[in-house]
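Read through the structure below, which is laid out as structure tokens, and then see the notes.
The figures here come from the full heavy-atom set of this structure, side chains too, leaving out hydrogens, waters and symmetry mates. The first residue of the sequence shown is numbered 1, and numbering continues consecutively from there. Read the numbers this way: they start at 1 and go in the same order the structure lists the ligands and their atoms.
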Amino acid sequence: MTLHLGLTGGIGSGKSTVAEVLTRLGAFVIDADALSRATTAIGGAALPAIAATFGEDMITSQGALNRDRMRERIFSDPAAKQQLEAIIHPLVGHQIQQAALNAEQSGAICIVYDIPLLVESGHWRSKLDKILVVDCSEATQKSRVLLRSGLTLEQIEKIMASQASRTERLQAADYVIYNDGISLDELAAQIQQMGAQFGL
Ligand code: ADP
């Protein structure tokens, strides 16, 4: 039996780090962000529909999405964001399902679904056996992201406000990793311990 495990956490919680450790422990991790980026990279599956919807000039000469142009378009026409998502999301959803099916058929013990807005969207919840939430204080989220990215505090707070609240995430959780005030080694040790419950 394969365990279908959803993984979520706010920006800076340490979700990507947890996904890496789970991969090392033998889980099959599906990274929805990476799949999503690939749909608009060179030769990406979303490009024909993007060209048909927004025009050929949305595609660079190399054959990828012209991200700057799309950003400008979305800025001046908010409906464009929904149109773009309506193209990309079903493709990514299909790829996630396909990847999960392949992993299951090749005997994966644990499939980890690293999907943004897992709690917010509700769509994936019914397909998952359990949800693992990576949690930390909001102050820690901010300081980690400030250190790691070029974002300003204001931009970080805006992203955090667009995500589920800590309470909402914790309500959805079957397992919680409290990644605050612990070292990366301690985090890895905690995940290893928890992984035993997932058959890893
Ligand atoms: P997320 O994917 O949730 O945005 P990341 O896993 O990318 O977060 O972690 C954000 C940053 O914080 C990374 O640079 C990561 O190495 C660091 N980090 C995460 N957890 C810890 C920890 N327990 N101790 C030290 N640094 C951490």
If you compare all heavy atoms of [X] against all heavy atoms of [Y], which two are closest, and at what distance to 0.1 Å?
X	Y	answer
Arg166	Ser137	NH1-CA, 3.5 Å
Ala172	Ile131	O-CB, 3.7 Å
Val133	Ala173	CG2-CB, 3.5 Å
Val119	Ala164	CG1-CB, 4.3 Å

Minimum distance, heavy atoms only, to [atom]: which one of [options] is it?
atom	options	answer
atom 22 (C) of ligand 1	Asp185, Ile182, Leu187	Ile182
atom 20 (N) of ligand 1	Val145, Asn179, Thr17	Asn179
atom 8 (O) of ligand 1	Cys136, Ala19, Gly14	Gly14

Which atoms from ligand 1 have a heavy atom of [X] less than 4.0 Å away?
X	value
Ser13	3 (O)
Arg148	1 (P), 4 (O), 5 (P), 7 (O), 8 (O), 10 (C)
Gly10	3 (O)

[atom]: which protein heavy atom is closest, and how many Å away?
atom	answer
atom 2 (O) of ligand 1	Ser16 OG, 2.4 Å
atom 17 (C) of ligand 1	Arg144 CD, 4.0 Å
atom 21 (C) of ligand 1	Leu184 CD2, 3.4 Å

(request) Flag Ile11 as yes when one of its N or O atoms lies below 3.5 Å from any N or O atom of ligand 1, and as no otherwise. (result) no
(message) What I want to know is whether Gly12 and ligand 1 share at least one N or O pair that is separated by under 3.5 angstrom.
(response)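 Yes, at least one N or O pair falls under 3.5 Å.
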(message) Any carboxylate oxygen within less than 4.0 angstrom of a Lys/Arg side-chain nitrogen, looking at Glu85 and Lys81?
(response) yes
(request) Answer yes when Arg169 and Asp135 have at least one side-chain N-carboxylate O distance shorter than 4.0 Å, and no when they do not. (result) no
(message) Can you classify the ring geometry of His4 versus Tyr113 as parallel (below 30°), tilted (30 to 60°) or perpendicular (above 60°)?
(response) tilted
(message) Side chain, backbone, both or neither: which applies to Lys15 and ligand 1 if a contact is any heavy-atom pair less than 4.0 Å apart?
(response) both
(message) Can you confirm whether Ile191 sits close enough to Arg24 that some side-chain heavy atom of one is under 4.5 Å from a side-chain heavy atom of the other?
(response) no
